[in-house]
Amino acid sequence: MTRTHTMLLAFLGLAFATGCSSASNVYNLPGTVSDGTSQAQFISSATGLDAPKVHPINASAYDLWYFDVVSTDSNASVVVIFYDTAPGTFPFVAPSNSTLSASLTVSFPNGTLSTIALEAEPAPNATIVSEGNGSSGNWHGSGFSWTYNAFSGAYDVSIDSPRLGVKGQIHFQPTGPPRYPCGPAVAGQNMEIVPNAGYSNPLPDAISTVDLLIGGTKLAFVGAGYADQGWGPQPFASAVGSWYWGHGRVGPFSVVWFDILTPSGVEYVSAYVAKDDVVLINSCDLARSKVRPTGGNAAYPPHVSADKPSGYHITMDLGVEGVLDMNVSVVAPFISIPQYMRAVGNIHGSIIPPTGPAGPVMDGVALLEQFTLEP
Ligand SMILES: *[C@@H]1O[C@H](CO)[C@@H](O)[C@H](O)[C@H]1NC(C)=O
Ligand SMILES: *[C@@H]1O[C@H](CO)[C@@H](O)[C@H](O)[C@H]1NC(C)=O
Ligand SMILES: *[C@@H]1O[C@H](CO)[C@@H](O)[C@H](O)[C@H]1NC(C)=O
Ligand SMILES: *[C@@H]1O[C@H](CO)[C@@H](O)[C@H](O)[C@H]1NC(C)=O
Ligand SMILES: *[C@@H]1O[C@H](CO)[C@@H](O)[C@H](O)[C@H]1NC(C)=O
Ligand SMILES: *[C@@H]1O[C@H](CO)[C@@H](O)[C@H](O)[C@H]1NC(C)=O
Ligand SMILES: *[C@@H]1O[C@H](CO)[C@@H](O)[C@H](O)[C@H]1NC(C)=O
């Protein structure tokens with residue numbers, strides 16, 4: 001991989017005040033597995049929140065860019081993932097002769113998974129341009145790309161894949177600032193969500209518009225958008241035994257949760273809540289947030305052979321405001337296999353203040369995931 005520090009935009013006079021940064025870095029990703037050692041970055045720099053974090057991709061390494069939108073009034077959802085993964089390093093990536101591929105999963109308003117789900121488009125090579133807290137990426141030849149607008153902070157994912165029969169756009173206008181798992185998007189932050197697995201979250205929540213044509217069927221909706229990046233120098237399953245993750249909105253709050261067990265059973269969390277653009281918690285403190293399964297099949301720790309739970313109870317301690325207490329019910333589990341579930345959920349939440357009764361119940365939507373990789 002060549003890593004070019006380029007001031008090209010500045011030289012062309014196109015770098016209007018971005019507030020922070022007039023430089024962009026261009027990364028050419030070769031699509032091949034490198035021999036030898038990868039350098040995985042786990043401490044943040046002042047820039048490059050959404051730049052590639054593993055240089056180069058060796059046979060045990062992975063780096064991926066994840067985007068999703070969940071509808072605010074139906075079971076519709078869309079998930080787009082851009083992979084740069086050596087074979088076998090990240091679960092469920094379709095076999096490919098390139099480390100670079102892109103996948104699309106879509107659920108329709110009735111909760112039915114699209115038949116094109118989980119197919120991947122290989123790309124021989126890719127380009128990522130990192131700028132400030134965002135990046136643009138093009139998986140050449142696959143028809144999958146995304147762009148970042150450093151002035152507005154908006155992201156746009158574009159798909160034009162004749163082979164998959166998919167064409168269209170997904171727009172993300174951020175609400176709330178970009179972040180790392182344990183703190184804000186500044187230099188010197190820990191980016192390990194668990195040991196040996198990195199996470200950055202350019203879009204914890206976004207007002208999103210989906211406009212896709214899938215095999216002739218239109219899928220258009222507005223909803224809660226989200227984007228993150230995940231990476232590691234060793235396979236994902238060597239760092240993560242199980243995880244509960246989700247994002248969504250409840251009342252005026254944007255939320256992101258993680259509650260993870262390593263393969264040896266050590267628990268890690270990351271919790272984010274913002275109200276408009278004000279962050280109320282962005283923490284990986286185990287004392288401040290917890291996710292546990294509820295309802296049917298609510299075994300904890302989760303077991304790969306057990307049925308998936310029907311919901312989750314999530315608490316996040318916002319400090320002086322009190323505790324955000326949420327019950328998330330699984331509404332439409334459109335992917336459910338022993339090692340994995342992805343579902344649209346409903347959130348019922350309320351604020352439990354430090355003293356006095358719980359506040360009114362607020363409603364909302366979530367897109368959630370459960371990995372159960374350990375037996
Ligand atoms: C890839 O590089 C990492 C160092 O970041 C190293 O731990 C790992 O063993 C390497 N993988 C292979 C297959 O050589
Ligand atoms: C990779 O696989 C695709 C699809 O099977 C094929 O068209 C392409 O030529 C292959 N590329 C290489 C470098 O082998
Ligand atoms: C969402 O999916 C669930 C489960 O399949 C179904 O009961 C419900 O009616 C769906 N909602 C809409 C708006 O179609
Ligand atoms: C759900 O909607 C999709 C898209 O309109 C349609 O193809 C599918 O047949 C529907 N599924 C059910 C069970 O109605
Ligand atoms: C990317 O792959 C295409 C198709 O194999 C090739 O024509 C092009 O030169 C490659 N670009 C780079 C920068 O390697
Ligand atoms: C990244 O976002 C943080 C939090 O909003 C902000 O303080 C910082 O200036 C941004 N950095 C860049 C390079 O734009
Ligand atoms: C969540 O469920 C628990 C257990 O049933 C209940 O005690 C709590 O009040 C519920 N919270 C909300 C906000 O619905």
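These numbers come from the heavy atoms of this one structure, side chains and all, not from hydrogens, waters or symmetry mates. Numbering of ligands and ligand atoms starts at 1, following listing order.
- A donor atom on one side chain and an acceptor atom on the other are found under 3.5 Å apart for T99 and D84.
- The closest approach between any non-hydrogen atom of A86 and ligand 1 is not below 4.0 Å.
- Annotation: salt bridge (Lys or Arg N to Asp or Glu O under 4.0 Å) contacts involving residues 215-227, sequence neighbours excluded, comprise D211-K218.
- A76 is linked by a side-chain contact (heavy atoms from CB on, under 4.5 Å) to S71, S74, P109, L219, F221, counting only residues two or more places apart in sequence or in another chain.
- In plain terms, the two heavy atoms of N133 and A185 that are nearest each other are OD1-CB, 3.9 Å.
- The distance from ligand 1 to the heavy atoms of A59 drops below 4.0 Å at these ligand atoms: 13 (C).
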Test R179 against V279 for side chain to side chain contact (heavy atoms under 4.5 Å, CB included), laying out the working first. CA-CA 10 Å; R179 69 175 195 114; V279 177; over 6 Å; no
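- Remark: ligand 3 atoms within the under-4.0 Å shell around heavy atoms of V331 are 4 (C).
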In residues 189-196, what donor-acceptor pairs under 3.5 Å come from side-chain atoms, sequence neighbours left out?
from, atom 1, to, atom 2, distance (Å)
Q189, OE1, G183, N, 3.4
N190, OD1, E192, N, 2.9
N190, ND2, E192, O, 3.4
E192, OE2, N196, N, 2.7

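- The ligand atoms of ligand 3 that sit less than 4.0 angstrom from a heavy atom of N110 are 2 (O), 14 (O).
- Within 4.0 Å of ligand 5, counting heavy atoms only, the contacting residues are P124, N125.
- Atoms of ligand 1 lying under 4.0 Å from at least one heavy atom of G36, given by number and element, are 1 (C), 10 (C), 14 (O).
- Distances between N or O atoms of N75 and those of ligand 3 include at least one value under 3.5 Å.
- For a threshold of 3.5 Å applied to N or O pairs, the pair formed by Q234 and ligand 1 contains at least one separation below that value.
- Checking only distances, T37 never comes within under 3.5 Å of ligand 1, N or O to N or O.
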Kindly indicate, with the supporting measurements, whether the criterion side chain to side chain contact (heavy atoms under 4.5 Å, CB included) is fulfilled by W245 and F371. CA-CA 9 Å; W245 165 85; F371 275 103; over 6 Å; no
